[in-house]
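Okay, so here's the structure we're looking at.
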Amino acid sequence: MALGKINTFIDIIKTETTKDSEGFSKTKDIIAASVRAYKEDRFASEKWANRATFSEATSLFRFRRLPNLDVTTEMVITCKDDRYEISSVRDIRNRGMYVEVLAKKVVGSSG
């Protein structure tokens, strides 16, 4: 991964559920960070074949680790007009410099 490939802007979002005075639940998106990332969509390559355990993942994101934010599977990534649920988070080479996220694209139902 070259530094020149980190050129996709993403938002890392925390979703917060609150209840109003009548007891109905509302979800609210809170942007935890906006960063540049390397994005790779799933295709038939040897790397993606080795990721068979995460067959639901449709995209891979790599970005610099943020010092005050722990990215978890409870968060969501938005990129352009797409939304991705985080399936796994991993520290690349355990150096604390870069984070790799496997995510599944959220597709709304029509009808």
Side-chain angles (χ1 to χ4, degrees):
M1 174 184 68
L3 291 176
K5 294 191 177 203
I6 301 178
N7 56 8
T8 303
F9 290 96
I10 64 169
D11 291 328
I12 302 169
I13 296 176
K14 295 179 186 178
T15 56
E16 185 177 278
T17 304
T18 58
K19 289 193 177 189
D20 60 6
S21 60
E22 297 175 359
F24 293 103
S25 297
K26 281 179 145 180
T27 57
K28 180 180 177 184
D29 289 344
I30 300 169
I31 297 176
S34 295
V35 296
R36 289 186 319 165
Y38 167 74
K39 180 183 178 226
E40 180 180 307
D41 289 323
R42 182 179 191 155
F43 55 92
S45 71
E46 185 177 337
K47 284 194 291 186
W48 279 99
N50 292 335
R51 293 184 181 115
T53 56
F54 293 105
S55 60
E56 67 180 18
T58 58
S59 295
L60 171 124
F61 295 93
R62 289 185 184 138
F63 51 89
R64 286 186 71 70
R65 187 182 79 79
L66 302 163
N68 297 328
L69 179 67
D70 290 327
V71 180
T72 64
T73 56
E74 297 168 356
M75 295 178 173
V76 175
I77 291 178
T78 58
C79 173
K80 296 182 184 175
D81 292 334
D82 298 328
R83 191 174 179 97
Y84 298 87
E85 293 178 350
I86 297 175
S87 300
S88 75
V89 180
R90 161 178 103 88
D91 184 6
I92 298 176
R93 296 188 181 138
N94 295 323
R95 292 186 181 172
M97 294 178 62
Y98 291 94
V99 175
E100 180 179 82
V101 172
L102 289 173
K104 177 184 173 185
K105 185 175 182 178
V106 177
V107 180
S109 60
S110 61

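Under the side-chain hydrogen bond (donor to acceptor under 3.5 Å, both in side chains) criterion, Asp11 pairs with Ser34, sequence neighbours left out.
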Q. Under the side chain to side chain contact (heavy atoms under 4.5 Å, CB included) criterion, do Arg83 and Lys105 qualify, and how do the steps go?
A. CA-CA 6 Å; Arg83 191 174 179 97; Lys105 185 175 182 178; over 6 Å; no
**Q.** Steps toward side chain to side chain contact (heavy atoms under 4.5 Å, CB included) verdict (Thr17, Lys26)
**A.** CA-CA 6 Å; Thr17 304; Lys26 281 179 145 180; over 6 Å; no
**Q.** Candidate pair Ile77 and Ile86, rule side chain to side chain contact (heavy atoms under 4.5 Å, CB included), full reasoning
**A.** CA-CA 7 Å; Ile77 291 178; Ile86 297 175; 4.0 Å; yes
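By the criterion of side-chain heavy atoms lying less than 4.5 angstrom apart, applied directly or through intervening Ile, Leu, Val, Met, Phe, Trp or Tyr residues, Ile6 is grouped together with Leu102 in one hydrophobic cluster. Cluster annotation: Leu69 is connected to Phe61 through the hydrophobic network of ILVMFWY side chains, with a link wherever side-chain heavy atoms come within less than 4.5 Å. Under the 4.5 Å side-chain heavy-atom criterion for Ile, Leu, Val, Met, Phe, Trp and Tyr, Ile13 and Phe63 are members of distinct hydrophobic clusters. The cluster map of Ile, Leu, Val, Met, Phe, Trp and Tyr, joined by side-chain heavy atoms under 4.5 Å apart, puts Leu66 and Ile31 in different clusters.
One N or O on the side chain of Arg65 and one on the backbone of Gly96 form a donor-acceptor pair closer than 3.5 Å.
Residues Ile10 and Val35 meet the side-chain proximity criterion, which asks for heavy atoms closer than 4.5 Å.
Contacts classified as side chain to side chain donor-acceptor pair (under 3.5 Å) and involving residues 67-81 (residues at least two apart or in different chains) are not found.
Salt-bridge check for Glu100 with Arg90: passed, with a basic side-chain N closer than 4.0 Å to an acidic carboxylate O. The existence of a salt bridge linking Asp41 and Lys39 is confirmed by a sub-4.0 Å separation between a basic side-chain nitrogen and an acidic carboxylate oxygen. Taking 4.0 Å as the cut-off between side-chain N and carboxylate O, Lys28 and Glu16 do not count as a salt-bridged pair.
Between the OH atom in Tyr84 and the OG1 atom in Thr58 there is a gap of 6.0 Å [rounded to 0.5 Å]. Note: Arg36 CZ to Phe9 CZ = 6.0 Å, rounded to the nearest 0.5 Å. Distance check, rounded to the nearest 0.5 Å: NZ of Lys104 to OG of Ser88 gives 13.5 Å.
Using a 3.5 Å distance cut-off with no hydrogens or angles, the side chains of Tyr98 and Arg62 do not pair a donor with an acceptor.
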